[in-house]
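What's counted below: heavy atoms across the whole structure, side chains too, no hydrogens, waters or symmetry copies. In this chain, numbering begins with 1 at the start of the sequence shown.
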Amino acid sequence: MTDSLFHEVHGTYFTIARTILSKQQTLTVKELECLIKEQGFDETAFQLLPSLTNQRTPWYLLKEETMGHWSPITQNKTPLINTNIERRWLKTLINDPRLLFFLDKAEIAELQQQLIHVEPLFDLEAVTYYDQFNQVDSLVEQKL
């Protein structure tokens with residue numbers, strides 16, 4: 001059961017665990033339950049909290065400092081994880097010349113460098129536009 005808790009990288013349990021770990025302070029069980037209920041469901045604490053506090057589970061992330069006070073076992077900030085499909089989608093977007101309306105050339109170049117080994121999810125020619133213009137604005141052409 002505990003192995004299936006974190007099956008989605010951006011699922012509810014991952015989001016809650018990231019919030020708890022970002023606190024980087026000792027939390028009481030009551031505070032943990034409140035954090036979990038704010039972002040999850042009423043029953044989420046029954047499944048998630050034991051997984052985070054039990055050393056025998058793969059998701060053990062909280063250690064008991066004193067009776068009823070828990071702190072993260074991690075020392076570094078929790079990184080934001082991007083899935084392969086998200087990286088491929090971003091690679092597709094940075095190939096669109098209209099991105100120059102939102103980012104400058106240096107920002108796009110930085111993204112392209114970070115995603116140099118990532119294949120685009122699809123070619124821009126595969127996009128079908130509905131209810132919008134698909135021509136490139138002359139402002140974008142000037143920036144190119």
Side-chain angles (χ1 to χ4, degrees), residues 1-134 136-137 139-140 143-144:
M1 181 173 98
T2 57
D3 290 338
S4 64
L5 285 180
F6 293 95
H7 67 283
E8 297 176 16
V9 117
H10 296 298
T12 302
Y13 287 0
F14 256 118
T15 303
I16 294 169
R18 184 175 35 242
T19 300
I20 291 170
L21 293 175
S22 71
K23 297 296 179 187
Q24 289 295 318
Q25 67 187 34
T26 302
L27 299 168
T28 65
V29 172
K30 187 87 166 157
E31 291 170 326
L32 288 168
E33 288 174 350
C34 285
L35 282 171
I36 292 170
K37 285 182 181 179
E38 284 175 9
Q39 295 185 3
F41 308 101
D42 288 339
E43 68 278 359
T44 304
F46 295 117
Q47 287 189 312
L48 184 59
L49 198 50
S51 291
L52 295 175
T53 58
N54 185 344
Q55 289 183 354
R56 291 184 294 254
T57 65
W59 301 106
Y60 169 66
L61 295 172
L62 299 173
K63 62 182 174 189
E64 192 168 21
E65 295 291 334
T66 59
M67 188 63 150
H69 291 78
W70 297 84
S71 66
I73 63 171
T74 58
Q75 295 178 358
N76 299 323
K77 184 178 176 183
T78 306
L80 181 61
I81 300 170
N82 293 317
T83 63
N84 190 40
I85 198 162
E86 288 171 323
R87 288 189 296 272
R88 292 184 66 198
W89 172 254
L90 184 56
K91 181 73 172 223
T92 301
L93 291 180
I94 63 174
N95 289 332
D96 190 337
R98 288 170 291 193
L99 192 59
L100 286 166
F101 285 124
F102 306 100
L103 302 174
D104 61 33
K105 287 182 181 181
E107 292 170 317
I108 293 172
E110 173 66 27
L111 286 172
Q112 287 172 332
Q113 181 60 37
Q114 291 176 12
L115 299 170
I116 197 164
H117 299 295
V118 176
E119 289 293 319
L121 187 58
F122 50 84
D123 293 330
L124 290 176
E125 294 80 34
V127 178
T128 302
Y129 293 92
Y130 294 96
D131 296 335
Q132 63 182 359
F133 296 105
N134 64 0
V136 176
D137 195 311
L139 288 174
V140 173
K143 289 184 175 187
L144 292 174

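Atoms CD and CG, from Gln47 and Leu52 in turn, are 11.5 Å apart once rounded to the nearest 0.5 Å. Between Leu62 atom CG and His69 atom NE2 the span is 13.5 Å, to the nearest 0.5 Å. Note: Thr83 OG1 to Arg88 CZ = 10.5 Å, rounded to the nearest 0.5 Å.
A heavy-atom distance below 4.5 Å is not found between the side chains of Leu121 and Lys91. At least one side-chain heavy atom of Leu49 sits less than 4.5 Å from a side-chain heavy atom of Leu32. Using a 4.5 Å cut-off on side-chain heavy atoms (C-beta onward), Leu111 and Leu103 make contact.
Among pairs with a residue in residues 116-125, none fulfils side chain to side chain donor-acceptor pair (under 3.5 Å), at least two apart in sequence or across chains.
Closest approach of Tyr60 to Lys63, counting heavy atoms only: OH-CB, 3.3 Å. Nearest heavy atom pair, residue Pro50 against residue Ala45, reads CD-O, 3.4 Å. The shortest heavy-atom contact between Thr26 and Ser71 is OG1-CB, 4.0 Å. Here the shortest heavy-atom pairing between Ile16 and Ile36 reads CG2-CG1, 3.7 Å.
Side-chain N or O atoms of Thr57 include none that pairs as donor or acceptor with a backbone N or O of Thr53 at under 3.5 Å. At distances below 3.5 Å, at least one donor-acceptor pair connects side-chain atoms of Glu64 with backbone N or O atoms of Gly68. Listed for the Glu107 side chain is a donor-acceptor partner under 3.5 Å among the backbone atoms of Asp104.
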side-chain contact (heavy atoms from CB on, under 4.5 Å) between Ile20 and Leu61: does it pass, once the steps are laid out?
CA-CA 9 Å; Ile20 291 170; Leu61 295 172; over 6 Å; no
Taking it one step at a time, do Leu35 and Lys23 satisfy side-chain contact (heavy atoms from CB on, under 4.5 Å)?
CA-CA 11 Å; Leu35 282 171; Lys23 297 296 179 187; 4.0 Å; yes
Under the side-chain contact (heavy atoms from CB on, under 4.5 Å) rule, what do Trp59 and Leu48 come out as? Steps first, then yes or no, please.
CA-CA 9 Å; Trp59 301 106; Leu48 184 59; over 6 Å; no
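Taking the ring pair (Phe, Tyr, Trp, His ring centres under 6.0 Å) definition, one finds that Phe122 meets it with Trp89, sequence neighbours left out.
With 3.5 Å as the limit, one finds no donor-acceptor pair spanning the side chains of Gln39 and Thr15.
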